[in-house]
Amino acid sequence: MYTIARELLFKLTPETAHELTIDMLGIGGRLGLPGLICNTPQLPVQVMGLNFANPFGLAAGLDKNGDAIDGLGQLGFGFVEIGTITPRPQPGNPKPRLFRLPQAQAVINRMGFNNKGVDYLISRVEKARFNGVLGINIGKNFDTPVERANDDYLICLEKVYQHADYITANISSPNTPGLRTLQFGDQLKSLLDALAERREGLISEYGKRVPLAIKIAPDMNDEETALVANTIEQAGMDCVIATNTTIGREGVEGLPFAEEAGGLSGAPVRDKSLARVKVLAEVLGGRLPIIGVGGITEGQHAAELIAAGASLVQVYSGFIYRGPALIKESVDAIAALKK
């Protein structure tokens with residue numbers, strides 16, 4: 001069924017297809033339709049003190065504004081992450097900004113954190129009935145100077161805190177100028193310390209401790225990855241998400257749209273993400289959980305990330321190409337690994 005739907009959607013421009021899919025999932029979720037044809041595979045796991053129905057989740061980026069939380073949740077994901085959201089609404093980068101590379105099961109995007117702002121997202125979360133684990137991914141507005149980035153992250157942290165099961169700070173998108181500089185050195189330490197300090201106040205205010213995850217880029221070497229991992233651990237964060245999209249073009253050379261600016265996701269980023277997960281697992285030694293994301297187009301790929309040291313995995317581009325069938329296939333592959 002999804003194969004037919006994909007053929008129709010792929011006749012539209014990528015962004016039009018994306019918007020239509022979110023609209024349909026939003027409507028379907030309100031009517032409970034995905035739940036009639038999909039079941040949530042059960043493979044319970046506890047990570048960050050949270051109970052997940054299964055370890056296979058949806059990565060941020062597909063539902064930036066929280067418009068399809070219920071529909072996505074009914075497809076069988078063990079958890080759903082929405083966003084990236086910013087304090088103020090912003091249109092993102094000029095169109096076209098989303099490109100399919102079907103020969104490589106890949107996507108290139110330079111969306112630029114297009115979203116309706118944190119207040120809109122909260123209004124959608126408040127109306128959702130999804131009772132699974134919900135992550136909210138936060139970022140900075142494009143026109144906020146990097147030296148004031150902490151302000152934007154803290155605004156979002158404060159506003160989404162009571163609505164999220166966990167919160168992810170996106171410091172690794174290649175499509176917001178200067179954002180990736182937040183991954184290193186004093187800027188990273190400053191941001192993480194600010195998040196940790198503000199969370200302490202929010203714990204007192206709301207009476208609950210919401211885990212904080214940090215999403216990193218795949219375009220690091222082993223030494224850089226180790227330094228970032230140590231900083232994240234020392235700051236008292238709860239999880240590392242590895243990885244975001246890559247600025248590299250390995251695996252898509254010569255294909256239509258391969259030279260478009262933006263982040264590459266899908267099958268070609270698999271090896272890079274897997275390598276980062278392995279280094280993180282070695283450096284962190286199980287003291288901090290890892291969410292592996294990048295390049296999952298078959299169930300076995302999800303199992304490989306778990307075997308490499310991830311506690312949970314997420315999908316985005318692979319879901320576009322494979323649809324809901326990839327969810328059960330991946331959970332089954334992870335379950336087989338654990339036997």
Side-chain angles (χ1 to χ4, degrees), residues 59-61 64-66 81-93 97 109-122 135-161 163-164 166-202 210-220 224-225 227-247 261-263 276 291 293:
K64 294 178 181 293
N65 296 301
E81 186 171 322
I82 58 175
T84 297
I85 204 72
T86 55
R88 292 172 282 112
Q90 61 183 30
N93 292 321
R97 54 195 180 180
N109 93 84
R110 51 171 180 265
M111 303 299 286
F113 287 175
N114 58 307
N115 72 98
K116 297 180 180 179
V118 67
D119 291 331
Y120 177 87
L121 177 137
I122 290 171
I136 300 181
N137 188 300
I138 61 176
K140 81 171 191 70
N141 281 110
F142 79 100
D143 56 355
T144 299
V146 173
E147 58 270 18
R148 289 178 49 203
N150 290 12
D151 296 341
D152 279 13
Y153 284 94
L154 293 177
I155 289 169
C156 288
L157 175 69
E158 292 169 0
K159 290 197 171 189
V160 307
Y161 191 85
H163 304 283
Y166 72 90
I167 298 168
T168 300
N170 186 347
I171 57 173
S172 51
S173 169
N175 301 317
T176 296
L179 189 78
R180 283 193 170 191
T181 63
L182 297 174
Q183 294 181 109
F184 302 106
D186 292 340
Q187 285 185 305
L188 177 61
K189 186 176 186 305
S190 171
L191 173 60
L192 300 188
D193 287 347
L195 290 171
E197 181 180 358
R198 185 66 191 104
R199 178 172 61 176
E200 289 304 309
L202 293 167
V210 177
L212 296 177
I214 307 299
K215 189 167 188 174
I216 67 170
D219 306 306
M220 298 183 189
E224 290 169 335
T225 304
L227 288 171
V228 169
N230 287 328
T231 302
I232 290 172
E233 181 183 11
Q234 291 166 10
M237 300 293 102
D238 300 280
C239 183
V240 185
I241 301 181
T243 62
N244 213 316
T245 58
T246 178
I247 57 174
R276 292 312 98 211
I291 299 178
V293 53

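- Using a 4.5 Å heavy-atom threshold, the side chains of Q187 and I171 count as separate.
- In plain terms, the two heavy atoms of V146 and P177 that are nearest each other are CG2-O, 4.1 Å.
- Partner of I85 under the side-chain contact (heavy atoms from CB on, under 4.5 Å) criterion, chosen from N170, V118, I122: V118.
- Looking only at distances, no side-chain donor or acceptor of Y120 sits under 3.5 Å from a matching main-chain atom of N65.
- In the displayed structure, D143 atom CG is contacted under 6.0 Å by more than 12 heavy atoms of other residues, nucleotides or ligands.
- Of all heavy-atom pairs between P87 and G139, the closest is CD-O, 3.8 Å.
- Checked by atom type and distance alone, the side chain of Q234 never pairs as donor or acceptor with a backbone atom of K189 at under 3.5 Å.
- At distances below 3.5 Å, at least one donor-acceptor pair connects side-chain atoms of N175 with backbone N or O atoms of N109.
- Counting all heavy atoms, side chain and backbone alike, D238 lies closest to P211 at OD2-CA, 3.3 Å.
- Screening T168, I138, I232, L157 for a side-chain contact (heavy atoms from CB on, under 4.5 Å) with L212, the sole residue that qualifies is L157.
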Please step through side chain to side chain contact (heavy atoms under 4.5 Å, CB included) for the pair T243 and S172, ending with a clear verdict.
-> CA-CA 8 Å; T243 62; S172 51; over 6 Å; no
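- For N93 (side chain) and R110 (main-chain N/O), a donor-acceptor pair under 3.5 Å exists by modelled atom type.
- In this structure, R276 CZ and E224 CD are separated by 8.5 Å, a value rounded to the nearest 0.5 Å.
- Side chain of Q90 to backbone of F113: a donor-acceptor contact under 3.5 angstrom is found.
- When atom types are taken as modelled, the side chain of D219 and the backbone of A217 share no donor-acceptor pair closer than 3.5 angstrom.
- For S173 against N244, the heavy-atom pair with the smallest separation is N-ND2, 3.5 Å.
- Judged purely by distance below 3.5 Å, without hydrogens or angles, the side chains of N150 and S190 pair a donor atom with an acceptor atom.
- The line from CZ of R199 to CG of L192 is 10.5 Å long, rounded to the nearest 0.5 Å.
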Please test T84 against N115 for side chain to side chain contact (heavy atoms under 4.5 Å, CB included), starting from the C-alpha separation and ending with a verdict.
-> CA-CA 8 Å; T84 297; N115 72 98; over 6 Å; no
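- Nearest heavy atoms, P91 versus N114: O-CB, 3.3 Å.
- In terms of heavy atoms, Q183 sits closest to L188 at O-CD2, 3.0 Å.
- Within the model, atoms SG of C156 and CG of N141 stand 7.5 Å from one another, a figure rounded to the nearest 0.5 Å.
- Interatomic distance, D119 CG to R88 CZ, rounded to the nearest 0.5 Å: 12.0 Å.
- Test T86, L191, I155, L179 against K140 for side-chain contact (heavy atoms from CB on, under 4.5 Å) and you get one pass: L179.
- Inter-residue side-chain proximity for L195 and L154 is flagged as met; some heavy-atom pair is nearer than 4.5 Å.
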